[in-house]
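To start, the structure under review is shown below, and the notes come after it.
Just the heavy atoms: all of them, side chains too, but no hydrogens, waters or symmetry mates, feed the values below. Counting from 1, the numbers follow the sequence of the chain as shown.
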Amino acid sequence: MDKKYDCIIIGGGAAGLLTAARLDLTAFSPKGAGLILEATDSPGTKLRMSGAGHCNFTHDGSVKDMVAAYGEQGRAIRRVLYRYNNDAFVDFLDRHGIPSFSRDGGRVFPKSEKAQDVLNLLLDLSAENGFALKKGFRVSQVTRLPDAGWQVACDNGAAFRTAAMVIATGGKSFPATGSNGRMWDVLSRDLDVEVISPRPVLAPVAVRSYPYGPVAGLSFETVELSVTAPGKRIQRSVGDLLLTHRDFSGPAALNICGAAEPGDALHINYVYPRSREEVTGILSEIFSGKKGNPVSAMASRLSLPRRFCQSILLRSLGKSIDADDVFRGSSNVNGLSPKKVSALLCDDTFTVESLPDWNKAMATRGGIALSQLDLRTMEFREHPGLFAVGEALNVDGITGGYNLQFAFSSASVCAESLQKKLRADSPVQGLRPSTEE
């Protein structure tokens, strides 16, 4: 099979489908001449997973404040975010029948809270714009053709010719969904594209001697985490924290995991923004009391889960959390040190054990180097007609809808550029598909 298309998008995830939903190929031929090649049998799997299935697709507020959410790459993609910002994403979905609302500190969701609704819309718009979707087509080779077009070869022996090609294959997180990083190897081998070595981000933080398995499921609001190491700049993250059976999770942990290396120190202040001195004073009052349950008093005065307070007191005494101890009254506070307990509450310190598993990471840091692209168009500088969008690029944001926002922003810039390029070139180069197979 060797058919000529106006545009082939490699990858049927959020970024690829958003590009197709924004690029109207019916302007160049009645039925359109676009193709989406999806490696799996299920397009948009990670989109369906986003926001625990509720689809946290962006963050509200000023776009100026969003830039910092992308770390070191924020300044580089600033222009992309400004051209198609969070308001534009909200408006795009609303115009197509998917209104939204904000919650949880600015996270934006469809009112239906169903990621499947967003996926269905993108699939419908892609088809309306002239894109056919082929499932189970994994690309194994890309070749520049003499007529300035491209040829794409797949593992199953299929081959396609196209005037323009968009790389939207995502990163390496959740590889079972199809985003396993293989396309980066193809681009590096066939086109000498520079790829920044990938690492998993937005994942729980695993530490040595994790003590909180017996109280897994407890959560906290406004916890401060920081990562330190000799000669390393301190990285901070403030947000919700969740204790799991094996590691620290929740937004505060997910957002800092990208800064943590094995052997680094992880510091946790469960009562942020209280200081150690303030907490020591409160605990001194509690432990010096003649009546009352110290656990209940701690939970009330410091706004902490009761089971967690029990765990902290046991740890301060050198006991395991599953010990059969119950702090009922003043007789149980003997041996408790306000300073020791305060140190655990305000600066609980652990050693980072390992980098997270790709199967637990929500995003990827690394990918196609931004220096390879003209970010005004998302086109490769040295490969005219080749574009890249979304997580395939070396861009990652913190949790809260920022990664889907970049998928929309970059896809929209790419679609606008391709619309202009194909309109200008079509009468000259005859970009409509041939009838030859």
Side-chain angles (χ1 to χ4, degrees), residues 1-3 5 7-21 23 34-50 115-116 118-120 122-127 129-143 150-162 164-191 193 195 198 200 357-364 366-368 378 380 383 386-396 403-404 406-407 410-411 414:
M1 184 166 50
D2 188 8
K3 185 176 181 178
Y5 290 86
C7 179
I8 289 179
I9 297 173
I10 304 176
L17 292 175
L18 279 164
T19 303
L23 176 57
L35 185 61
I36 302 171
L37 298 176
E38 165 58 30
T40 72
D41 293 328
S42 182
T45 301
K46 288 174 71 175
L47 177 60
R48 293 201 307 272
M49 296 166 58
S50 64
Q116 187 66 48
V118 178
L119 176 58
N120 290 342
L122 298 183
L123 290 170
D124 290 344
L125 291 177
S126 298
N129 283 345
F131 280 90
L133 172 65
K134 290 187 179 292
K135 305 174 186 178
F137 282 68
R138 187 177 294 279
V139 172
S140 57
Q141 185 177 34
V142 293
T143 306
W150 297 90
Q151 178 169 292
V152 179
C154 300
D155 283 352
N156 60 8
F160 309 93
R161 292 185 296 129
T162 182
M165 181 166 56
V166 181
I167 307 300
T169 46
K172 291 187 67 174
S173 60
F174 298 120
T177 65
S179 58
N180 58 11
R182 175 179 165 178
M183 193 63 202
W184 290 330
D185 297 333
V186 173
L187 293 172
S188 297
R189 181 198 67 208
D190 295 348
L191 302 176
V193 167
V195 175
D357 188 285
W358 283 111
N359 292 307
K360 293 184 177 182
M362 296 181 185
T364 302
I368 297 169
M378 308 310 296
F380 280 79
H383 301 291
L386 180 65
F387 299 75
V389 295
E391 200 179 349
L393 298 170
N394 180 28
V395 176
D396 65 281
N403 289 298
L404 274 177
F406 179 68
S410 58
C414 178

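Between the side chain of R189 and the main chain of W184, no donor-acceptor pair closer than 3.5 Å is present. Put simply, the side chain of N129 gets close to the backbone of A20: a donor and an acceptor are under 3.5 Å apart. A donor-acceptor pair under 3.5 Å is absent between the side-chain atoms of N180 and the main chain of K172, judged by distance alone. No donor-acceptor distance shorter than 3.5 angstrom exists from the side chain of T177 to the backbone of T45, with no hydrogens or angles considered. No donor-acceptor pair under 3.5 Å is formed between the side chain of S179 and the backbone N or O of P175. Between the side chain of T162 and the backbone N or O of Y5, at least one donor-acceptor pair lies under 3.5 Å. The closest donor-acceptor contact from the side chain of S173 to the backbone of T364 lies at 3.5 Å or more, if one exists at all. Listed for the D190 side chain is a donor-acceptor partner under 3.5 Å among the backbone atoms of V142.
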Side chain to side chain contact (heavy atoms under 4.5 Å, CB included) between T19 and I36, intermediate numbers included
CA-CA 10 Å; T19 303; I36 302 171; over 6 Å; no
Starting from the C-alpha separation in whole Å, work towards a yes-or-no answer on side chain to side chain contact (heavy atoms under 4.5 Å, CB included) for L37 and C154.
CA-CA 9 Å; L37 298 176; C154 300; 4.2 Å; yes
Should I167 and V389 be marked as a side chain to side chain contact (heavy atoms under 4.5 Å, CB included) after you check the CA-CA gap, both sets of side-chain angles, and the distance that decides it?
CA-CA 6 Å; I167 307 300; V389 295; over 6 Å; no
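Under the 30°/60° scheme for interplanar angles, the aromatic rings of F160 and F137 are found to be tilted.
No side-chain heavy atom of T40 sits less than 4.5 Å from a side-chain heavy atom of K135. P200 has its side chain out of reach of D357: every pair of non-hydrogen atoms, C-beta onward, lies at least 4.5 Å apart. Residues K134 and E38 are not in side-chain contact: their nearest non-hydrogen atoms beyond the backbone lie 4.5 Å or more apart. At a threshold of 4.5 Å between non-hydrogen side-chain atoms, the residues L393 and M378 count as touching.
Classification of K46 and E391 as a salt-bridged pair holds, one side-chain N sitting under 4.0 Å from a carboxylate O.
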